[in-house]
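Remarks on the structure that follows.
Residue numbering restarts at 1 for every chain, and letters A, B, ... go by the order of the sequence lines.
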There are 2 protein chains.
Amino acid sequence: MNLEQMGQAARAAAYTLAETSTRAKNQALLVMADALEAAAEDILAANARDLDAARDNGIGDAMLDRLMLNPARLKAIADDVRNVVSLPDPVGSELDSRVLENGMRLSRRRVPLGVVGVIYEARPNVTIDIAALCLKTGNASILRGGRETFHTNQELVKVIRQALAASQLPQGCVQYISEPGREWVSGLLKLDQYVDMIIPRGGPGLHRLCKEQATIPVIIGGFGISHVFVDDSADLVRSIEVIDNAKTHRPSACNALDTLLVDRGIAVELLPKLSERMAVKGVELVADDEALALLTTGAARVRAAVEGDFDTEWLSLTLGVKLVSGVDEALTHLRDYNASHSDAILTSSLSNAERFINGAPSAAVYVNASTRFTDGAQFGLGAEVAVSTQKLHARGPMGLEELTSYKWIGQADYLIRD
Amino acid sequence: MNLEQMGQAARAAAYTLAETSTRAKNQALLVMADALEAAAEDILAANARDLDAARDNGIGDAMLDRLMLNPARLKAIADDVRNVVSLPDPVGSELDSRVLENGMRLSRRRVPLGVVGVIYEARPNVTIDIAALCLKTGNASILRGGRETFHTNQELVKVIRQALAASQLPQGCVQYISEPGREWVSGLLKLDQYVDMIIPRGGPGLHRLCKEQATIPVIIGGFGISHVFVDDSADLVRSIEVIDNAKTHRPSACNALDTLLVDRGIAVELLPKLSERMAVKGVELVADDEALALLTTGAARVRAAVEGDFDTEWLSLTLGVKLVSGVDEALTHLRDYNASHSDAILTSSLSNAERFINGAPSAAVYVNASTRFTDGAQFGLGAEVAVSTQKLHARGPMGLEELTSYKWIGQADYLIRD
């Protein structure tokens, strides 16, 4: 099938899905979860081929771990699908409903978006994950995974197709682009006649590509510099705990702390304590000149910050440290360094907290809490489609509702406009 | 100023606006409304120059009327600004607020989008209209009007700048691109570092251009083929009234009826009555073969439909007519002909109404009502920024709330993630 045909099939499937009951969608998901476990042998064999190829290509251990499936991980993926079954279906609920003066009952009803295109890298769990979330919300999906997971994805897609067939749902509900060429990605990004939204799941390069080439709305997100600002009224001892958690709880996550901003009024007290803790946790500090002066005698490794360090999402045990005076200078830093994801203030001051909340340009702003909370599960959304750092449609963690649109419905008695 | 500088100024102004009180924003709007009336002489003189140039260029009467300002129209524009003052400010309201199990208070707070780019044609009222709506919602705006209104817009922008200065708001709050080159439009569309949303106000060509060139999310809308489907259970006499209203109330509007679909079971009765009424209203019918056979002896002018007619948004006293059998065939037509804006079913059948509501791919779906209701004022939104026909962010008439985003706010007591 070429892209045009895939688009047509997806659009047709989307019409069917829009009228498919929640029960039928859930049934298909349960079949899919069971089929995944039943096909474990084939899937793991295919995954082994991908891993061999990756090793031959000299891919690093971290990436290999992301690629790797084992029985436990496969079980977890199947269980995630079962979890999606248990979530409420947002489709059909009404956002508001009222009767206008002229007697028309006007409401907005949640409907599926239609067709969602997803372009992703490495992790094979995304294939099942996103297919399940789209199916649950009545959206057809067109998936394009990374080269590294080619064989694994072939097997996973086979399972999805079986589940669709067994559930009398059109194959167009979930389609996978297997062809290797880059032109298939470019083509998908311009398929605006059929595709309603593009979700890139990958690094900034992939997002940039989508932004530049797509004629379809793109959800940008999943990365960003995260900051913690320690106000001079903060509780020092407890601040160290929050900083430690934000930095070291899972350093590779996009909501992990990148840059620590410390008020000059509290730096002399805080930084030695910080250095001690970071030394214990094996975190290297990258400090501006002022902070460096207070950190050089500390226990933690430290080096002088250079151009670009405060623009860096570390994703590792490295932490930028910079001194500022007050909320305003902290906010200026956030703005200058494109804060967009998760940022926190540690403070006892009500007014500073409120100013930081209002002024921070981020999808999620915290007062006296770790940046690590930006996550669909932590926020109680039940599932996470993506973490958006743009401002349209959805911002921050996106759950099932963010895979829906709405339509206006006006019901009346042969009403005409005066 | 070049675009980069405009973007920077807009971004800086957006930070100021995000922290400006509703009272201060309203004050600036009132100053603007008064200044508009005070500058009437200059504005009308500039408008006269635009009208002269337009006549020299042989521009048609309809377009001239769109360009033309007079004291009454200017007063109406000023009053529209005063109306915006009276609307509630959505910024700062919280969408939901709850306490998570771990004690974090989590909420979503409405915030301005940031910077909005608006590209529009002809009507000079858009300049004031959109500047006022953006200012009210705390958004900075970068405007680019049509060549035809160059002189008028220069004077209107002068008024806006005066009002900003008098209200101690940065000039970057509302900026206007005066330079004529197309490269300024292309440049604005790629200013994603500073601009959060693009609103095109114009025809399909402008929207296509924005879709293809923009690296910024674009709100597509403002046009579409509108349909009325008359089910065989409809009340004939009252159906004629709704069809008449949908077609002739304001034929140039984007929610005016384009194509009438008539169930074969009711066509023999309905079409002669329709022809009679359309003849009175001077509407020409464009009918498929089956409908044509029933219309040729009628009073209204009629011609056979040719390729493309059912894809045409008439914006005039022309009406496509086609026979179908049942809701399914009507829905198939809607899907095949890219229904996206406003569509109605006239019926007495509850199940057909529900199937049409769920199946129609449109932003607004009506049961027994005219398509003409798709409008911010009719829907009680107080103001209309645009009518979106896309599915992300906003669909259908967009009011002030649709000029906002939200941020997640998590407040706790030095909370860390386990």
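If you measure heavy-atom distances from A/S239 to chain B, the contacts under 4.5 Å come from both the backbone and the side chain. Contacts between A/N255 and chain B at a heavy-atom distance below 4.5 Å involve the side chain alone, from C-beta outward. For chain A, the nearby parts of B/Q411 are the backbone and the side chain; heavy atoms of each come within less than 4.5 Å. Neither the backbone nor the side chain of B/A14 comes within less than 4.5 Å of any heavy atom in chain A. Contacts of B/E402 with chain A are made by side-chain atoms alone, with heavy-atom separations under 4.5 Å and no backbone atom involved. Heavy atoms closer than 4.5 Å to chain A are found nowhere in B/A353, neither backbone nor side chain. With a 4.5 Å cut-off on non-hydrogen atoms, B/I216 does not touch chain A at all. Using a 4.5 Å cut-off between heavy atoms, B/T389 does not touch chain A at all. Neither the backbone nor the side chain of A/Q8 comes within less than 4.5 Å of any heavy atom of chain B. Only the side chain of B/L106 comes within less than 4.5 Å of a heavy atom in chain A; its backbone stays farther off. For A/A364, the parts lying near chain B are the backbone and the side chain together; criterion is any non-hydrogen pair under 4.5 Å. Proximity to chain A is absent for every atom of B/N338, based on heavy atoms less than 4.5 angstrom apart. Neither the backbone nor the side chain of A/R250 comes within contact range of chain B; no heavy atoms are under 4.5 Å apart.
Classification of the A/W408-A/Y406 ring pair by plane angle, with boundaries at 30° and 60°, yields perpendicular.
Among the candidates A/H393, A/R417, A/K407, A/Q213, the residue making the largest number of heavy-atom pairs closer than 4.5 Å to chain B is A/R417. Put simply, of A/E354, A/R11, A/R355, the one with the most heavy-atom pairs under 4.5 Å next to chain B is A/E354. Between chain B and the options A/A344, A/A18, A/A360, A/G380, the largest number of non-hydrogen pairs under 4.5 Å is found for A/A360. Heavy-atom pairs under 4.5 Å with chain A peak, among B/N102, B/D418, B/N358, B/D413, at B/D413.
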